[in-house]
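First the structure, which I've put down as structure tokens, then a few questions once you've had a look.
Throughout, residue positions are numbered sequentially from 1 according to the sequence presented. Ligands are counted one by one from 1 in listed order, and the atoms in each one are counted from 1 as well.
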Amino acid sequence: MSSQPIALDEMNPLLDLDQWDDFLEGRYKEGKTESEFRQYDAEATPGVAEFYRLNHQYQTHAYVLGKEKEYFGLTRGEKSIWEAAEFLNTLVDDSDPDTDLTQLEHLLQTSEAIRRDGHPRWMVATGFVHDLGKCLCLYGEPQWGVVGDTFPTGCAYDPAIVFPEYFQTNEDYNNPIFQTKYGIYEPNCGLDKVKLSFGHDGYIYEVMKNYLPMEALYMLRYHSFYAWHRHGAYDHLCNEQDRAMLPAVLKFNPYDLYSKGHTKPNLAELKPYYDDLFAEFFPAKLRW
Ligand SMILES: [Fe+2]
Ligand SMILES: [Fe+2]
């Protein structure tokens with residue numbers, strides 16, 4: 001398998017994409033306060049702070065519209081789920097190969113944890129596919145355009161978003177229309193109408209939206225929207241459907257945050273189950 005390490009240039013301050021996931025896990029698992037995890041961040045992982053600085057600076061409303069136009073038409077070819085997972089697996093990092101899991105192993109750990117807890121098959125499938133959108137990195141997108149907490153653009157930034165002060169360098173910050181409570185949106189317009197910052201969540205939702213139930217699609221589309229699902233922000237943009245689906249997003253979140261272990265899943269053993277599972281929900285090839 002070929003490997004394409006992420007360039008450690010100034011636009012990609014994380015060692016690898018997992019560094020963001022690890023930061024999230026630390027932030028929520030240990031119940032750190034805002035000031036505690038900032039300290040943790042500045043001292044232990046300065047790359048994470050720099051990553052959020054870039055994310056908050058460059059994810060403007062115009063940037064989101066441009067990236068949605070670029071990717072949401074799904075013109076990047078057709079792949080099966082396995083092919084997409086293999087493709088994502090070419091995203092390797094420079095960490096210890098003996099203890100670190102591949103992207104595919106991370107996907108399997110998430111889906112296997114969901115399966116062990118007896119959840120429906122569509123949720124197991126959701127666990128497997130939820131981070132396949134990280135292939136955006138392999139299309140050349142910077143880390144800050146692929147991962148990170150997502151947030152609405154075109155309206156005021158809620159202080160519950162991690163590192164809110166970094167928004168001061170976003171050009172939308174000085175646009176008075178974008179900085180009101182509702183911004184360009186109608187009250188309770190529904191999250192479907194809200195342009196969230198661009199990343200792997202929105203992209204995988206577009207790929208999957210014809211194939212999985214609504215609960216699954218909410219899990220995919222909003223799994224990094226922590227300000228909403230963990231902090232209760234932006235309820236004023238939500239409609240009744242969004243509120244009804246929030247418990248599903250919350251049900252999924254622990255599997256995303258905490259299912260990473262260091263036991264490597266046995267792919268050969270698991271493959272027949274997943275072949276059946278994918279055949280149940282997905283066509284042989286999906287558009288990406
Ligand atoms: Fe994710
Ligand atoms: Fe994830």
Side-chain angles (χ1 to χ4, degrees), residues 6 12 14-29 48 51-52 55 59 64 67 71 81 84-85 87-89 91-93 95 100-117 119 122-139 141-151 161-162 191 196-209 212 215-231 245 248-265 274 288:
I6 305 167
N12 293 302
L14 300 176
L15 295 173
D16 55 62
L17 293 185
D18 292 337
Q19 202 182 4
W20 170 66
D21 295 278
D22 295 343
F23 171 73
L24 274 180
E25 185 181 345
R27 201 166 109 197
Y28 288 109
K29 191 178 202 167
V48 174
F51 160 79
Y52 278 111
N55 174 274
Q59 290 268 3
V64 172
K67 285 297 162 189
Y71 286 106
I81 301 291
F87 180 53
L88 183 62
N89 233 9
L91 190 69
V92 295
D93 58 60
S95 321
D100 271 53
L101 296 164
T102 64
Q103 297 287 331
L104 173 57
E105 287 163 343
H106 280 316
L107 296 176
L108 279 171
Q109 282 195 333
T110 307
S111 56
E112 282 296 290
I114 292 168
R115 184 182 169 197
R116 265 196 305 275
D117 286 352
H119 291 299
W122 60 259
M123 190 170 165
V124 181
T126 302
F128 188 89
V129 304
H130 84 282
D131 276 343
L132 286 178
K134 288 180 179 176
C135 65
L136 286 167
C137 263
L138 295 165
Y139 301 152
E141 295 302 325
Q143 292 167 344
W144 55 262
V146 178
V147 295
D149 300 43
T150 56
F151 56 85
I161 303 166
V162 65
L191 292 179
L196 291 190
S197 53
F198 183 75
H200 71 287
D201 314 58
Y203 178 58
I204 197 62
Y205 163 75
E206 290 297 323
V207 173
M208 296 291 162
K209 67 183 179 188
L212 290 168
E215 286 88 343
L217 298 177
Y218 268 78
M219 291 172 182
L220 295 177
R221 197 177 191 183
Y222 301 114
H223 74 269
S224 306
F225 190 10
Y226 281 84
W228 176 56
H229 67 67
R230 290 290 284 244
H231 302 279
M245 288 293 123
V249 179
L250 289 171
K251 189 181 285 177
F252 178 76
N253 188 241
Y255 297 103
D256 189 20
L257 280 181
Y258 311 134
S259 61
K260 283 183 185 174
H262 286 283
T263 321
K264 287 184 187 283
Y274 283 89
W288 294 82

Please calculate the NE2(H130)-the Fe ion (ligand 2)-OD2(D131) angle and round it to 10 degrees.
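Between NE2 of H130 and OD2 of D131, at the Fe ion (ligand 2), the angle is about 90°.
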Scan side-chain atoms only and decide if S224 and D201 contain a donor-acceptor pair under the 3.5 Å cut-off.
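Result is yes, a qualifying pair exists.
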Among the N/O/S atoms of D256, which is closest to the Fe ion (ligand 2)? Give the atom name.
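The nearest such atom is OD1.
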Determine whether the aromatic ring centres of Y255 and H130 lie less than 6.0 Å apart.
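When the ring centroids of Y255 and H130 are compared, they turn out to be at least 6.0 Å apart.
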Salt-bridge present (R230, D149; N to O < 4.0 Å)
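No, no charged N to carboxylate O under 4.0 Å.
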Nearest 10° is fine: what angle sits at the Fe ion (ligand 1) between NE2 from H200 and NE2 from H223?
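Seen from the Fe ion (ligand 1), NE2 and NE2 are separated by roughly 90°.
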Would you say N253's side chain and D256's backbone share a donor-acceptor pair under 3.5 angstrom?
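Pair absent, no side-chain N/O of N253 close to backbone of D256.
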